[in-house]
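Small disclaimer: the values here were computed from a predicted structure and weren't measured. Every chain is numbered from 1 and lettered A, B, ... according to where its sequence line falls, protein lines coming before strand lines. Only heavy atoms go into these numbers, but all of them, side chains included; no hydrogens, no water, no symmetry mates.
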Amino acid sequence: MDTTYKPAEIETRWYAEWEKAGYFAPADNGTPYSIAIPPPNVTGSLHMGHAFQHSIMDALIRYQRMRGNRTLWQVGTDHAGIATQMVVERKLAAEEGKTRHDLGRDAFTDRIWDWKAESGGTITGQMRRLGTSVDWDTERFTMDEGFSNAVREAFVRLYEDGLIYRGKRLVNWDPALQTAISDLEVENHDVNGHLWHLRYPLADGVKTADGLDYLTVATTRPETLLGDAAVAVHPEDERYRKLIGKFVTLPLVSRRLPVIADPYVDREFGSGCVKITPAHDFNDYDMGRRHNLPLINVLDTVGAILPEAECYDIGGKPRADIDTALPADYAGVDRFDARKKIVLALEELDLLERIEDHKLKVPKGDRSGKIIEPLLTDQWFVATEKLATDAIAAVENGDIEFVPKQYENMYFAWMRNIQDWCVSRQLWWGHRIPAWYDKDGNFYVGRDEAEARAAHGLSDAVELRQDDDVLDTWFSSALWTFGTLGWPEDTARLRDFHPTDVLVTGFDIIFFWVARMIMFTLHFMKNPDGSAQVPFKTVYVTGLIRDESGQKMSKSKGNVIDPLDMIDGISLDALLEKRCGSMMQPQLAEKIGKRTRKAFPEGIAPHGTDALRFTLFSLASTGRDINWDMKRLEGYRNFCNKIWNAARYVLMNTEAQQSNNVAPVYSLADRWIQARLQQCIGTIDRAFGQYRFDRAATAVYEFIWNDYCDWYVELTKPVLLDESADPALLAGTRATLLAVLETTLRIAHPFMPFITEDIWQRVAPLTGINGDSIMLAPWPAADTALVDEAALDDIAWLQAVILAVRSIRAAKNIAPGEPLKLILRNPSADDERRLAAQRLSLLKIARLNDIECVAAGTEIPLAAAELAGDLEVLVPMADLIDPAAEKLRISSEMAKQNKEIQRLTGKLGNAGFTGKAPAAVVEKEKLKLATAERALQTLQKQYDALPD
RNA sequence: GCGUCCUUAGCUCAGUUGGUUAGAGCGCUACCUUGACAUGGUAGAGGUCACUGGUUCGAAUCCAGUAGGACGCACCA
């Protein structure tokens, strides 16, 4: 074995071997266990969130694989509609100064395919570096042929089931990206804006109760005035009651608007009159529906004013009874310029009453960052009501469980007021909607054009053109768990591996993805008995990985840490280039540079994949974000090094030794470490069952470092270094060193796959285990028969005595190597037995040259004293003891015991406690009291024995 | 506004269904080149468990409220 641990070399070598050997593919038999990976963007790269989630999935898969289950970790990537199209558009603009329209649809999508071919391997390469044991043989892409087929199938079936419809509706329109987006893709931002109070003159000589000839309406968007269809007041508002049914004249346009009554109007807000613009505001749209108002659209798709308004009824049919003329000087003016112009014009007409500061929420596109415009357009929608009802039931009845549970509330809340889902996007990259139009605008849905023609009896002579729009990326993602397994074909993979067992994902996509997967899967996937199938039984929701001060990691903050840089290390210069190199704003770049230099003055040292993964596991407590801490990573890198060196020790002491066929005898220490190991396995099994990877990681860490390295390895030294040791005992020690290490490697493997494999390959053969890879080795079953309670107690005794001696050494400043004589006063029969069995261990590890037992009360020379339970641990050292100081120490010790005795006496004297607490608890407290009382007596005697 | 979560050692976090003298890692202090490992070893210091009240024999843990923080949803033009 190499004297130093070199993660990079080990990790790349073993991954290649595993992949070549085909270990990631599902086994031929066993109980199926499957996980579908949340497909990362095909052109994306690995970030900390991926590293976190992939590590968790990998641990689950490796654990289940070792347990003999037939594991499938389905891998694949997502075409990520808008995101990918934007990247390529930006590239095209930067490199050739062209837009996608310069190229045309086909040439542009070819460019995207080229870009995918070029950069699509980045993330899969990074996943390999992370050790993910996904089944690469069946890797999928949401736009591969089979999956595209599944998408068309799903669309057509939903349409046939009446769950997809097309219509002219008010949707969130991104004027920059020129596409509709769903409600979820809109982010509301707080801004300080204005409220313009405008006067709308009353028509026909009507006056208000106050004798005014106008109504005042307040608006945050004066430019939408051009599309107003009514003015609304509250039905019980006395001020305006008489005006209901009368008319106002819309300024600038001279359109007659009815005054309508609707309880939605807040009488307290502004004047209590609201302008209603059904084609440019969602609330007004609803009111328009209630009052059959015309939808008057005045904006085009880039957000500029139309030369002439378009008017529809609520069903989307053109409506001819409204004058659609608009003032000529606004035509083609951008919405925000038009706002200024209109305010100015109203001011000139003395129709602007006042302008007020006003805080409001502005909707922005999550991709473009531009202000979203509610716009009346023809779109495809998924009717969600029925789907959502079933999806809610599946979680309510426990078919699907969220871990942690609290996310179910969030899921329910969203599901219960879900709106129909706009699934069409005016993009070029994605699944084109399988609908064809004739010259008159009639549409025909089918799996392909031929089917659409056949279904509707259209001859080849009828000209058809496919819908230009593509589907929302999440439409295809929603089919992921079964689309990847062969659906709509009834494949063996689908039957075997669906439903999947668990979905591991971030809470940020519960609505985007998880909820929609549940809706679609319940609709499409049926069990043989006809009942609906869930996509997964459990949703394990991970927190976000934040930076060390709790900030979200983002490029603009310059606090992103690439997981690969933590694995392989990166120089400061390279890190600076990465963070600031492509920054457009030099000021920001400077700030980030400064921050980076401060945080990583020497770049980032390599830590290896195993250390990174182990850090992620140890921080993975549920329901909480993680503040990343480089120090933790260093700690677990050290842990890897510790394992490496422990293995070196074991191999050094076993590899070269010939087995001389002696029947091994197992020492107390051997039985003890076996017992501890079994307890550790039990803890890990429980932790896996609860998705508590932090607890599992802690159990592995503590067992290896505290039990195996700190105690067991030390306990083997006296035996292994003893020339005259009993060969049977030697054999037992060597066998245990190896066997426990070998098993430990297996239980650590799901968390740290590489270092465990590398060491296991050397250790396993020495234990007589033959296997190709630790990956395929069986998961150890916790064997309670091996939990030797007596050994646990005996070693605990040994540890207590050793700790007492060390404590004396430290307190008295005695060199660690200085041999000491130990006196044990007042030993019980158990103490005597334990001493006899472990005399050698005690002598060597505590570095003693003699141990003597004396009866209680025996007078001995001045000695430093400690208590190990009831046993007095004494180290005679007349010349080092200052009786006065020692008395002080003992009396403070006695004070502590007195306090404890007082506390316990009080508690036990409380009838409430003794009467109501469980007997076991009372007994425990009594025991404590007795121990404390004995300790006090012993201390008193020690005190009295000291000279004044 | 509605809902969820968080507040424990200097820092990052555990604390398994109420029963300890509240733990870990890092950091800190002192000592140690002991033949696996100085990416190490040994011994320590360090906490009124945000605050207030309640339930209970017993509260870091359960309940209510207060303060601070995070997030989700919906918002009155």
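Between W705(A) and rU39(B), a side-chain N or O to OP1/OP2 separation shorter than 4.0 Å is absent. The side chain of R632(A) contributes no N or O atom lying less than 4.0 Å from OP1 or OP2 of rG25(B). Side-chain nitrogen and oxygen atoms of H607(A) include none within less than 4.0 Å of the OP1 or OP2 phosphate oxygen of rU39(B). Dashed line: the shortest gap from a side-chain N or O of R692(A) to OP1 or OP2 of rG15(B) is under 4.0 Å. Listed pair S807(A) / rA43(B) fails the phosphate criterion, with no side-chain N or O lying under 4.0 Å from OP1 or OP2. Taking only side-chain nitrogens and oxygens, R809(A) never comes nearer than 4.0 Å to OP1 or OP2 of rC32(B). Contact annotation: N638(A) reaches the phosphate of rG40(B) (side-chain N/O to OP1 or OP2, under 4.0 Å).
As rounded to the nearest Å, rU56(B) and rG72(B) have P atoms that lie 40 Å from one another. Taking the P atoms as reference points, rG69(B) lies 28 Å from rG54(B), given to the whole Å. Taking atom C1' in both rU29(B) and rC51(B), the straight-line distance is 33 Å, to the nearest Å. The same atom, P, is picked in rA59(B) and in rG19(B); the two are 11 Å apart, to the nearest Å. Taking atom C1' on both rG10(B) and rU20(B), the two are 24 Å apart, rounded to the nearest angstrom. Between the C1' atoms of rU17(B) and rC62(B), the separation comes to 11 Å (whole Å). Rounded to a whole angstrom, the distance from the P atom of rG53(B) to that of rG46(B) is 28 Å. If you take atom P in rC2(B) and the same atom in rU66(B), they sit 11 Å apart, rounded to whole Å.
Under the 6.0 Å cut-off for aromatic ring centres, F617(A) and F688(A) do not qualify, their centroids lying 6.0 Å or more apart.
The base-pairing partner of rU56(B), taking Watson-Crick or G-U wobble contacts with both distances under 3.5 Å, does not exist among the strands shown. Nucleotide rG1(B) is matched to rC73(B) when pairs are restricted to Watson-Crick or G-U wobble geometry with both distances under 3.5 angstrom. In this structure, rG47(B) makes no Watson-Crick or G-U wobble pair, since no nucleotide meets both defining distances under 3.5 angstrom. Partner assigned to rC26(B) is rG10(B), using Watson-Crick or G-U wobble distances below 3.5 angstrom.
The nearest whole Å value for the distance from the CG atom in L612(A) to the P atom in rU39(B) is 21 Å.
Here the shortest heavy-atom pairing between W196(A) and T220(A) reads CZ3-O, 3.4 Å.
Although no hydrogens or angles enter the test, the distance criterion places no donor-acceptor pair under 3.5 Å between the side chain of D722(A) and the main chain of P718(A).
Of the options E353(A), R199(A), H197(A), a side chain to side chain donor-acceptor pair (under 3.5 Å) to T216(A) is made by E353(A) and by none of the others.
Y540(A) and T505(A) share no donor-acceptor pair across their side chains, judged by distance under 3.5 Å alone.
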